[in-house]
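First the structure, in the form of C-alpha cells, and then the observations on it.
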Amino acid sequence: MVITRSNARLIRFVVFALVLIGCGYLLTKGSSYEPPQVQQFKQHAGGASQIQQQQQQQQQQQQPQAAIPPTQQQQQQLQKPAAQQPPEQKPPPAQGEAAGAANAGTQSSGEIANLPYTPKNMGPLAKAFLGSDKKTPQYIPQKNIDPATYSSNDKVKAAFVGLARNQDLNGFLESIKIIEQRFNNKFHYDWVFLNEVEFSEEFKTTISKAVSGEAKFGLIPAEHWSYPEWIDQEKAALVREDMKDRKIIYGHSESYRHMCRFESGFFWRQDILKDYEYYWRVDPDVKLFCDIDYDVFKWMKDNDKQYSFTISLPEYKETIPTLWKTTKEFIDKNPKYLAQNNMMDWLSDDGGQTYNGCHFWSNFEIASLDFWRSEAYKQYFEYLDKAGGFFYERWGDAPVHSIAAALFLPREKIHFFEDIGYFHVPFNNCPVDPQVRSDRNCDCNPNDDFTWRGYSCTTKYYKVNNYKRQKNWEKFTG
C-alpha cells in the first residue's frame with residue numbers, strides 16, 4: 001500500500017512538470033491562433049504591409065482638392081435657415097472631399113467626425129452643417145483657388161485701407177510688416193491711407209517703401225469729418241462730459257465720434273476707393289499669426305462672401321442705448337431691405353425685440369465695398385445719422401456695420417476666418433486645432449484665443465448657423 005501511494009505521487013509530479021514545460025514553450029514561441037476576422041482580413045488585404053498601404057492611401061485621400069462651385073440647387077439649399085437643413089440629405093462633397101466625408105462617416109458613434117483640411121494655398125478651412133445627431137458634418141461646397149492656374153491676372157480690384165494720422169506711422173509700419181510677410185508679398189495688393197489732414201512727406205515716403213503694392217494717400221473732405229447741421233453741439237458736449245464722469249470708454253472723445261461716423265458712412269465714398277470692389281481694413285499695431293497663401297480677395301469674390309470677421313463680442317450697452325430702437329424704426333419703414341435668410345437670430349435673443357450687443361470687431365474686416373454702396377446700407381446710415389446717435393450717444397462703426405450685415409445680407413454671405421489668426425489689443429484669434437496651426441505656420445498660443453470664450457459672440461455665430469466647430473474648441477472655453 002505504501003509503494004502504491006509513492007508511485008501515485010511520482011506520477012502526479014511528472015505530469016505537473018510536463019505541463020509546466022509545455023506552458024513555457026508556448027510562452028516562448030507564441031500562439032499561431034488568430035481570430036477568424038483577422039485571418040479573413042489578411043487573406044483579402046494581403047498582410048500587414050497592405051494594411052499600412054491602405055492607411056497611407058486613406059490619409060492622402062483626406063487632403064481635399066479644389067472645390068467645384070455649388071450648383072443652383074445647392075445654392076438654394078444653402079439659402080435656407082440652418083435649422084431647416086434636412087439632416088438626411090447631405091450636400092454633395094466638393095471635388096476631392098468625398099474620401100474625407102466617407103472616412104468621417106465610418107467613425108464610431110462616440111466620435112465627432114472631422115472636416116477634411118483645405119490645402120493652405122487653395123482657400124480657408126471648409127465649413128459644414130451638423131446633422132441631427134450633431135456628429136456627422138454636411139459639407140458646404142466652396143470654390144477654392146487652383147494654384148496651378150492662378151496668376152496676377154486673377155487679382156481682384158481690392159486694397160488694404162487704413163484710417164491714419166501722421167503720428168500713427170510706427171504703428172502702421174508694424175501692421176504692414178506682418179501683413180506683407182504673411183500675405184501680401186505674394187500678391188502685391190495696393191494700400192490706401194486716409195486722413196482728415198494732409199499726410200506728411202515722411203509718412204508717405206516711409207509707407208511707400210514698406211509696401212509691395214502701390215501706396216495711395218487720400219485727404220478726407222471736411223464735410224465727412226465734421227458736425228452735420230442738425231446736431232446740437234452743446235448737447236453733444238454735455239453727453240461727452242457725462243460719459244467721462246461715468247468712465248465709459250472713449251465716452252469723452254470728440255475725435256472718436258467723428259471716426260466712428262466716418263467709418264460708418266463715408267470711408268467707402270472716398271474718390272480714391274471708387275475703382276475698388278473689396279477692401280481689408282487695417283489698424284495700427286495689429287498682428288497676423290498664420291500664413292495666408294491663397295488670394296483671400298479672390299476667394300471672397302468667387303464664393304460671393306460680402307463680409308468677413310475674425311473676432312466678435314458684445315458692445316458696451318452704455319454707448320448705444322437707442323441704436324436698436326432706431327434700427328427697428330428703420331426696418332418698420334423699410335422691410336424690403338431685410339434679407340430673406342438674414343442673421344437676426346445672432347443679433348437678438350428674443351426675435352428682434354431687443355439687441356444682445358453682438359458685433360463683429362471691425363478693426364479687422366474684409367468686405368465688399370459694393371455692400372456699403374448699396375441702397376439698403378446707404379438708407380440705413382442716413383437714417384441713423386439723422387437720429388444723431390453718433391454724437392448724442394457714442395455709436396460705434398462696429399455695431400452699425402454688424403447690424404447692417406446681419407440684417408441686409410443672407411447669412412451665407414458672412415464668413416468667419418478660422419485660420420488667419422489675428423490680434424488687436426486686447427483680443428486674440430488663434431486656431432485651436434494643432435493641425436491648422438502646423439499646416440498654416442501659425443505663431444500663436446491657443447490658450448490666448450478668444451473665439452470660444454464665454455464672452456465671445458462667435459460661439460453664437462456657430463450655433464445659429466448650425467456649423468461644426470473647430471477641432472479642440474471645447475478645451476478653450478474657460
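Numbering of residues begins at 1 and proceeds along the displayed sequence.
- For the pair K386 and W230, the cation-pi criterion (under 6.0 Å, within 45° of the ring axis) is fulfilled.
- For Y250, the OH atom sits in a loose shell: 12 or fewer heavy atoms of surrounding residues, nucleotides or ligands are nearer than 6.0 Å.
- Here the side chain of D154 pairs a donor or acceptor atom with the backbone of S151 at under 3.5 angstrom.
- For an aromatic pair to be called close, the ring centres must be under 6.0 Å apart, and F266 with W225 fails this.
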Working for side-chain contact (heavy atoms from CB on, under 4.5 Å), residues M343 and N465 = CA-CA 9 Å; M343 216 158 66; N465 287 294; 3.5 Å; yes
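- Checking S368 against D370 by side-chain atom types alone, no donor-acceptor pair falls below 3.5 Å.
- Here E365 contributes atom CD and Y307 contributes atom OH; the two are 3.5 Å apart, rounded to the nearest 0.5 Å.
- At a cut-off of 3.5 Å, with distance as the only test, no side-chain donor of Y355 or E315 sits close to an acceptor on the other residue.
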Would you check, one step at a time, whether the test salt bridge (charged side-chain N to carboxylate O under 4.0 Å, His left out) holds for K244 with E241?
-> CA-CA 5 Å; K244 179 180 179 181; E241 183 178 340; over 6 Å; no
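- No option in D291, D433, D419 other than D419 meets the salt bridge (Lys or Arg N to Asp or Glu O under 4.0 Å) test with R440.
- You'll find the ring centres of F381 and W372 outside the 6.0 Å limit.
- Checked against V192 for a side chain to side chain contact (heavy atoms under 4.5 Å, CB included), the options F267, F160, Y276 give a single hit: Y276.
- Taking 4.5 Å as the limit, some side-chain heavy atom of W268 sits within range of a side-chain heavy atom of R373.
- Contact check for N342 versus L347: no side-chain heavy atoms found under the 4.5 Å cut-off.
- One finds the CZ atom of R453 at 10.0 Å from the CG atom of N428 (value rounded to the nearest 0.5 Å).
- In summary, E329 and K325 engage in a salt bridge, as defined by a charged side-chain N under 4.0 Å from a carboxylate O.
- Aromatic ring centres of F427 and F423 lie farther apart than the 6.0 Å criterion allows.
- In summary, the aromatic rings of W452 and F476 are positioned with their centroids too far apart to meet the 6.0 Å limit.
- Taking the six-membered ring where the residue is Trp, the centroids of H415 and W299 are separated by under 6.0 Å.
- Side-chain atoms of D168 come within 3.5 Å of backbone atoms of R165 as a donor-acceptor pair (strictly under, hydrogens ignored).
- Between the side chain of R257 and the backbone N or O of G251, at least one donor-acceptor pair lies under 3.5 Å.
- Looking at K177 and E174, no side-chain N of the basic residue comes within less than 4.0 Å of a carboxylate O on the acidic one, giving no salt bridge.
- Aromatic ring centres of F309 and Y461: separated by under 6.0 Å.
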Check against side chain to side chain donor-acceptor pair (under 3.5 Å), E412 and N341 = CA-CA 8 Å; E412 66 270 15; N341 188 25; 3.2 Å; yes
For S312 and T458, what are the C-alpha separation, side-chain angles and deciding distance, and is it a side chain to side chain donor-acceptor pair (under 3.5 Å)?
-> CA-CA 6 Å; S312 67; T458 306; 2.9 Å; yes
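- With respect to E418 and K127, a salt bridge is recorded, a charged nitrogen being found less than 4.0 Å from a carboxylate O.
- Remark: the W191 side chain and the E180 side chain contain an N/O donor-acceptor pair separated by less than 3.5 Å.
- Using modelled atom types and a 3.5 Å distance limit, the side chains of S212 and H188 yield a donor-acceptor pair.
- Between F297 and Y189, the ring center distance clears the sub-6.0 Å criterion.
- Inspection of the Q353 and S348 side chains reveals no N or O donor paired with an N or O acceptor under 3.5 Å.
- At least one side-chain heavy atom of K216 sits less than 4.5 Å from a side-chain heavy atom of D190.
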Could you please spell out the steps behind the salt bridge (charged side-chain N to carboxylate O under 4.0 Å, His left out) verdict for K186 and D293?
-> CA-CA 8 Å; K186 298 178 279 288; D293 291 334; 3.4 Å; yes
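- For D295 and K155, the salt-bridge test fails: no basic side-chain N is under 4.0 Å from an acidic carboxylate O.
- Ion pairing between a basic and an acidic side chain is recognised when a charged N comes within 4.0 Å of a carboxylate O; E318 and R246 show no such pairing.
- Residue E234 places its CD atom among 12 or fewer non-hydrogen atoms of other residues, nucleotides or ligands, all under 6.0 Å distant.
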Mind running side chain to side chain donor-acceptor pair (under 3.5 Å) on Y462 and Q470 for me, showing each step along the way?
-> CA-CA 10 Å; Y462 273 76; Q470 193 176 121; 5.6 Å; no
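- T310 has its side chain out of reach of W361: every pair of non-hydrogen atoms, C-beta onward, lies at least 4.5 Å apart.
- In this structure a side-chain-to-backbone donor-acceptor pair under 3.5 Å is missing from S264 to V400.
- A salt bridge links R281 with D397: the closest approach of a Lys/Arg side-chain nitrogen to an acidic carboxylate oxygen falls below 4.0 angstrom.
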What do the steps show when you test Y294 against Y150 for ring-ring contact (aromatic ring centres under 6.0 Å, His included), and what is the final call?
-> CA-CA 9 Å; Y294 62 94; Y150 177 88; over 10 Å; no
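- Within the 4.5 Å cutoff, the side chain of L125 has no heavy atoms near those of the Q142 side chain.
- The neighbour count for E223 CD, taken as heavy atoms of other residues, nucleotides or ligands under 6.0 Å away, is above 12.
- A distance-only check finds no donor-acceptor pair linking the side chain of S402 to the backbone of H359 [under 3.5 Å].
- At a threshold of 4.5 Å between non-hydrogen side-chain atoms, the residues C430 and R437 count as touching.
- Checking side-chain atoms of Q306 against main-chain N and O of A367 turns up no donor-acceptor pair under 3.5 Å.
- The closest side-chain heavy-atom distance from H424 to Y422 is below 4.5 Å.
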Between E263 and S362, is a side chain to side chain donor-acceptor pair (under 3.5 Å) present by the stated rule, with each step listed?
-> CA-CA 10 Å; E263 291 283 17; S362 60; over 6 Å; no
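- Shown here is D448, whose CG atom has more than 12 heavy atoms of other residues, nucleotides or ligands within 6.0 Å.
- Aromatic pair Y337/Y380: centroids not less than 6.0 angstrom apart.
- Aromatic ring centroids of F408 and Y377 lie 6.0 Å or more apart.
- Of all heavy-atom pairs spanning S175 and D283, the tightest one is OG-O, 2.7 Å.
- Less than 6.0 angstrom separates the ring centroid of F172 from the ring centroid of F193.
- Closest heavy-atom contact between L163 and M259: CD2-CG, 3.4 Å.
- Distance CD1/I248 to CD/E393: 10.0 Å, rounded to 0.5 Å.
- Checked for salt-bridge contact, D385 and R261 meet the test: a charged N lies under 4.0 Å from a carboxylate O.
- Between L194 atom CG and H224 atom NE2 the span is 11.5 Å, to the nearest 0.5 Å.
- Residues Y227 and H258 meet the side-chain proximity criterion, which asks for heavy atoms closer than 4.5 Å.
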